[in-house]
There are 2 protein chains.
Amino acid sequence: MPASKTTSTRRAAVIKALAHPSRLLIAEALMDGEMCVCDLKDLVGADLSTVSKHLSLMRDAGVLNSEKRGLNIYYSLACACLGDFLRCVDQLAPAKGKCTSKGCC
Amino acid sequence: MPASKTTSTRRAAVIKALAHPSRLLIAEALMDGEMCVCDLKDLVGADLSTVSKHLSLMRDAGVLNSEKRGLNIYYSLACACLGDFLRCVDQLAPAKGKCTSKGCC
DNA sequence: ACTTTACTTGGTGGTTTCGCCAAGTATCAA
DNA sequence: TTGATACTTGGCGAAACCACCAAGTAAAGT
């Protein structure tokens, strides 16, 4: 069945939440487990408010969950499937050449 | 191993190429096989120049291939992995609720 | 109550993206 | 070679995005 326009729009909103270097870096880091905002700030190296806005955006898109414990707010991946997602991305943007890795295309 | 900033930037560039409703719609349509620009124009419902620019962007990002045959230029997916990619996206943005489908999370 | 720490929200200016129109290129047919 | 079709490229205004600063909120310690 062909995808409808509304389906594509909904999916694109999720993809957009990952389509920024800092946001993707955050998501990749969270694959190893939850982190608080201050740790992610150090990772990204941007202003705290900037990181916070990235995190809110990703949470609103459904990519992240957040939980407050004491003074800290811990963010975690909403879904463990990010690895498959990135495997596809890396096939599309190989370091060199075109889809030469095993099992690709 | 943790992802580096340059890795995230390279990946984000690919993801960005799919992070737009019209571009994603195009990619989804091409899962069923190649199409020429004029067919994709009808699918998207935008100006021909707009569609052409979306296609160029996706090709430059490595998502699409293009081949000229006669007057037409046929675009096709560069990688068959898009299905896995979208499966993950749909888990992140379920129509309702949170990751309730089988095999998710 | 006051301070500190951790984070969010509002605002702002600079950059990027987006979609259309107009003009250009390339291929094929007559 | 003239014309038609298929697509690309340049340019422009409108909208969205991004990163910082400043100010606000919330929990915990003193």
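In what follows, chains are A, B, ... by sequence order, proteins preceding strands, each numbered from 1.
The separation between B:Asn72 atom CG and C:dT25 atom P is 21 Å, rounded to whole Å. In this structure, A:Leu48 atom CG and D:dA23 atom P are separated by 16 Å, rounded to whole Å. One can place NE2 of A:His54 at 12 Å from P of D:dC17, the figure rounded to the nearest angstrom. Protein atom CG of A:Asp47 is 17 Å distant from nucleotide atom P of C:dG13, rounded to whole Å. The nearest whole Å value for the distance from the CE atom in B:Met35 to the C1' atom in D:dC7 is 16 Å. As rounded to whole Å, 12 Å separates atom P of D:dA28 from atom CD1 of A:Ile73. In this entry the distance linking CG of A:Leu57 with P of D:dC17 reads 8 Å, nearest Å. The separation between B:Leu18 atom CG and C:dT17 atom C1' is 16 Å, rounded to whole Å.
A salt bridge links A:Glu34 with A:Arg69: the closest approach of a Lys/Arg side-chain nitrogen to an acidic carboxylate oxygen falls below 4.0 angstrom. A salt bridge does not link B:Arg87 to A:Asp84: none of the charged side-chain nitrogens sits closer than 4.0 Å to a carboxylate oxygen.
Both A:Ala46 and A:Gly70 lie near DNA chain D, and the one whose nearest nucleotide falls closer to the 5' end is A:Ala46. Each of B:Val37 and A:Thr50 was matched to the nucleotide of DNA chain D holding its nearest heavy atom; the match closer to the 5' end belongs to B:Val37.
Among the protein residues, A:Tyr75 comes within range of the sugar-phosphate backbone only, with heavy atoms under 4.0 Å from sugar or phosphate atoms but none that close to a base. A:Leu71 comes within 4.0 angstrom of a base, heavy atoms only. Heavy atoms of A:Arg69 sit nowhere under 4.0 angstrom from any nucleic acid atom.
A:Glu67 and A:Ser76 are not linked by any side-chain donor-acceptor pair at a separation below 3.5 angstrom, with hydrogens and angles left out of the test. Side-chain contact, B:Ser49 with B:Ser52: no donor N or O sits under 3.5 Å from an acceptor N or O.
Comparing C:dC20, D:dC18, D:dT8 against the side chain of B:Arg59 picks out D:dT8 as the nearest. The listed nucleotides are D:dC21, C:dC20, D:dA6; the one nearest the side chain of A:Ser49 is D:dC21. The listed nucleotides are D:dA27, C:dC21, D:dC18; the one nearest the side chain of A:Lys68 is D:dA27.
Dashed line: the shortest gap from a side-chain N or O of A:His20 to OP1 or OP2 of C:dT16 is not under 4.0 Å.
The side-chain contact (heavy atoms from CB on, under 4.5 Å) with A:Glu28 is formed by just one residue from the set A:Leu30, A:Leu25, A:Ile26; it is A:Leu25.
Side chain A:Lys53 to base C:dG11: a donor-acceptor pair is found below 3.5 Å.
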